[in-house]
Amino acid sequence: EDAGRLGAFQARIDAEQKIEPNDWMPEAYRRTLIRQIAQHAHSEIVGMLPEGNWITRAPSLRRKAALLAKVQDEGGHGLYLYAAAETLGVARETLVEQLLSGGAKYSSIFNYPTLTWADIGAIGWLVDGAAIMNQIPLCRCSYGPYARAMIRVCKEESFHQRQGYEIMTVLARGTTAQRAMAQDALDRWWWPCLMMFGPPDGESQHSDASTRWKIKRFSNDELRQKFVDATVPQGHYLGLSFPDPALRFDEATSHWHYGAIDWDEFRAVLRGDGPCNRDRLAARNRAHENGAWVREAALAFAEKRRRKAAA
Ligand code: ACO
């Protein structure tokens with residue numbers, strides 16, 4: 001019976017039909033989606049921290065308003081992703097608990113510090129640019145609630161990417177000191193951004209199953225290459241250079257060839273030993289404790305309304 005069900009499930013996926021929360025699905029499909037959507041949600045929430053650092057120090061009111069809106073968008077993305085994960089039968093409290101206790105993964109990129117205002121430009125341009133490259137195909141992922149959540153997320157990410165590139169443009173056309181700041185930010189963010197796409201295909205343990213289930217439409221290395229191809233000309237347009245002596249355009253393949261990624265650094269960040277892992281977790285825990293009164297007030301209000309309605 002199970003083989004029949006599995007066959008019918010795979011046939012629906014192959015026919016590009018969406019799987020919805022009440023449909024039968026193999027446990028492994030459910031588990032991998034919970035894993036990926038939860039990690040994605042945590043990334044959005046932790047991703048608010050590096051940029052949140054600069055809200056009080058944005059160089060103008062206009063920059064501050066845009067950055068504030070952007071960081072709020074990330075919070076919103078986290079919330080709809082937690083909601084998408086909940087449709088698979090996991091409680092949001094459980095996921096939040098896993099994040100706060102340090103037991104959950106989130107994107108490696110958010111464990112790097114934001115040292116200057118140029119980092120806000122580089123994050124928008126590069127980090128959000130990488131996120132879009134990975135997330136556009138997720139709009140066609142086989143699981144309906146995740147795919148639909150991605151549509152709005154991608155629209156907002158495109159705005160984030162534009163605001164980041166615009167910051168870089170202003171700095172790159174600015175004074176010598178501003179150009180140096182933009183270059184320094186690119187130098188520090190470039191390699192960690194390439195790591196965002198995950199381990200090389202040969203070491204990506206989830207890729208085979210996720211591709212068969214049409215959760216993944218492109219491999220980690222394919223998306224990384226697309227990102228490099230799209231981004232290098234943008235950097236050159238700004239008059240900036242990339243911190244990779246091996247970077248060169250390969251006429252034969254029409255791709256930008258890039259040098260070796262330091263996977264030891266990636267593994268260290270995943271183990272919790274990146275530059276900011278401890279700070280991020282501590283900041284998230286503090287924010288959760290400071291928000292306790294809001295959760296208590298919301299519960300008390302809901303209870304009051306329930307009693308009124310019952311009376
Ligand atoms: N940072 C942290 N962990 C990572 C990263 C990364 N950049 N890349 C891969 N990993 C982890 C995987 O989560 C997996 O860990 P697990 O087995 O403990 O769950 C392990 O490394 C092996 O990697 P893969 O087998 O390649 O994992 P997967 O097939 O899930 O591919 C990917 C990884 C591409 C990140 C995928 O999960 C994905 O597309 N996720 C959705 C997008 C997302 O989360 N983006 C977050 C950053 S963008 C943003 O928030 C602005």
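Residue numbers run from 1 in the order of the sequence given. Order of appearance sets the numbers: ligands from 1, and atoms from 1 within every ligand. Both backbone and side-chain heavy atoms feed into the values below; hydrogens, waters and symmetry mates do not.
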Engineer: Would Q205 count as a polar contact of ligand 1, with the cut-off being nitrogen or oxygen pairs under 3.5 Å?
Structural biologist: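 Min N/O separation from ligand 1 is below 3.5 Å for Q205.
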Engineer: For L223, which part has a heavy atom under 4.0 Å from ligand 1: side chain, backbone, both, or neither?
Structural biologist: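 It is neither; nothing of L223 touches ligand 1.
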Engineer: Using the ring of each side chain (for Trp, its six-membered ring), is W263 parallel, tilted or perpendicular to F266, with breaks at 30° and 60°?
Structural biologist: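 Rings of W263 and F266: perpendicular, over 60°.
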Engineer: Number the atoms of ligand 1 from 1 as they appear, then name those within less than 4.0 Å of a heavy atom of M195, with their elements.
Structural biologist: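 Taking each heavy atom of M195 in turn, ligand 1 has 7 (N) under 4.0 Å.
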Engineer: Does CG in D250 sit with more than 12 non-hydrogen atoms of other residues, nucleotides or ligands closer than 6.0 Å?
Structural biologist: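 Result for CG/D250: enclosed.
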Engineer: Should one rank R224, K216, H206 by closest heavy-atom distance to atom 31 (O) of ligand 1, which comes out on top?
Structural biologist: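 That would be K216.
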Engineer: Just let me know how N134 lines up against ligand 1, side chain, backbone, both or neither, with a heavy-atom cut-off below 4.0 Å.
Structural biologist: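 For N134, the contact with ligand 1 is made by the side chain alone.
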Engineer: For atom 38 (C) of ligand 1, what is the nearest protein heavy atom, given as residue, atom name and distance?
Structural biologist: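 Residue, atom and distance for the closest contact: Q36 NE2, 3.4 Å.
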Engineer: Heavy-atom distances under 4.0 Å decide this one: backbone, side chain, both or neither, for L270 against ligand 1?
Structural biologist: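 Only the side chain of L270 comes within reach of ligand 1.
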Engineer: Just to confirm my output: which protein heavy-atom neighbour is closest to atom 47 (C) of ligand 1, and how far is it?
Structural biologist: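 In this structure, atom 47 (C) of ligand 1 has S107 CB, 3.6 Å as its nearest protein heavy atom.
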Engineer: Quick check: M196 and ligand 1, any N/O pair under 3.5 Å apart?
Structural biologist: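 Checking ligand 1 against M196, an N or O pair does fall under 3.5 Å apart.
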Engineer: CZ of F218 to CZ of F197: how many Å apart, nearest 0.5 Å?
Structural biologist: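 One gets 12.0 Å once the value is rounded to the nearest 0.5 Å.
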Engineer: Going by the closest heavy atom to atom 49 (C) of ligand 1, which one wins out of Y106, F110, F218, F197?
Structural biologist: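 That would be F110.
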Engineer: Please tell me whether S60 and R63 have a donor and an acceptor in their side chains that are separated by less than 3.5 angstrom.
Structural biologist: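 Note: S60 and R63 side chains miss the donor-acceptor criterion.
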Engineer: For ligand 1, which is the ligand I care about here, please tell me if S204 has any N or O atom under 3.5 Å from one of the ligand's N or O atoms.
Structural biologist: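 Min N/O separation from ligand 1 is below 3.5 Å for S204.
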Engineer: Just wondering, more than 12 heavy atoms not from R305 lying within 6.0 Å of its CZ?
Structural biologist: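 For R305, atom CZ is not crowded (no more than 12 foreign heavy atoms under 6.0 Å).
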Engineer: Show me which atoms of ligand 1 lie under 4.0 Å from any heavy atom of A131.
Structural biologist: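 In order of numbering, the contacting atoms are 48 (S), 51 (C).
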Engineer: For ligand 1, which atoms have a heavy atom of N220 less than 4.0 angstrom away?
Structural biologist: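 Those of ligand 1 that fall under 4.0 Å from N220 are 26 (O), 34 (C).
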Engineer: Can you tell me which residue and heavy atom of the protein come closest to atom 19 (O) of ligand 1, and the distance to 0.1 Å?
Structural biologist: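 For atom 19 (O) of ligand 1, the nearest protein heavy atom is Q39 NE2, 2.8 Å.
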Engineer: Cut-off 3.5 Å, side chains only: do Y146 and Q36 have a donor facing an acceptor?
Structural biologist: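 The criterion, which ignores hydrogens and geometry beyond distance, is satisfied for Q36 and Y146.
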Engineer: Using a 4.0 Å heavy-atom cut-off, say whether H77 meets ligand 1 through its side chain, its backbone, both or neither.
Structural biologist: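 For H77, there is no contact with ligand 1 at all, from either part.
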Engineer: Write out the residue and atom name of the closest protein heavy atom to atom 5 (C) of ligand 1, then the distance separating them to 0.1 Å.
Structural biologist: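 The protein heavy atom lying closest is F266 CZ, 3.6 Å.
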Engineer: Test of understanding: given a 4.0 Å heavy-atom threshold, classify the contact between K105 and ligand 1 as side chain, backbone, both, or neither.
Structural biologist: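 Side chain only.
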Engineer: Looking only at heavy atoms, is any part of H40 under 4.0 Å from ligand 1, and if so is it the side chain, the backbone, or both, or is it neither?
Structural biologist: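 The answer is both.
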Engineer: Below 4.0 angstrom, counting only protein heavy atoms, does anything approach atom 34 (C) of ligand 1?
Structural biologist: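 Flag for atom 34 (C) of ligand 1 set to true, protein heavy atom closer than 4.0 Å.
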Engineer: Under 3.5 Å, is there a donor-acceptor pair between the R248 and Y258 side chains?
Structural biologist: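 R248 vs Y258: no donor-acceptor pair found between side chains.
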Engineer: So is S210 close enough to ligand 1, meaning a heavy atom under 4.0 angstrom away?
Structural biologist: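 It does not; every heavy atom stays at 4.0 Å or beyond.
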Engineer: Of all the non-hydrogen atoms in the protein, which one sits nearest to atom 8 (N) of ligand 1, and at what distance?
Structural biologist: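 Sorting protein heavy atoms by distance from atom 8 (N) of ligand 1 puts G198 CA, 3.2 Å first.
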Engineer: Quick one: CG on D14 to CH2 on W213, what's the gap to the nearest 0.5 Å?
Structural biologist: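 Answer for the CG-CH2 pair, D14 versus W213, is 13.0 Å.
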Engineer: Looking only at protein heavy atoms, which one is nearest to atom 6 (C) of ligand 1, and what is the separation?
Structural biologist: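 The closest heavy atom on the protein side is S108 OG, 3.6 Å.
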Engineer: Do Q225 and D229 meet the criterion of a side-chain donor-acceptor pair at a distance under 3.5 Å?
Structural biologist: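 D229 and Q225 do have a side-chain donor-acceptor pair below 3.5 Å.
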Engineer: Got a second to check how far L95's CG is from I45's CD1, nearest 0.5 Å?
Structural biologist: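 One finds 11.5 Å between CG of L95 and CD1 of I45.
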Engineer: How long is the span from the NE2 atom in H257 to the CD atom in E251, to the nearest 0.5 Å?
Structural biologist: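 Reported value, rounded in 0.5 Å steps: 14.5 Å.
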Engineer: For ligand 1, is there an atom lying under 4.0 Å from some heavy atom of Y146?
Structural biologist: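 It does, in that a heavy atom of Y146 comes within the 4.0 Å cut-off of ligand 1.
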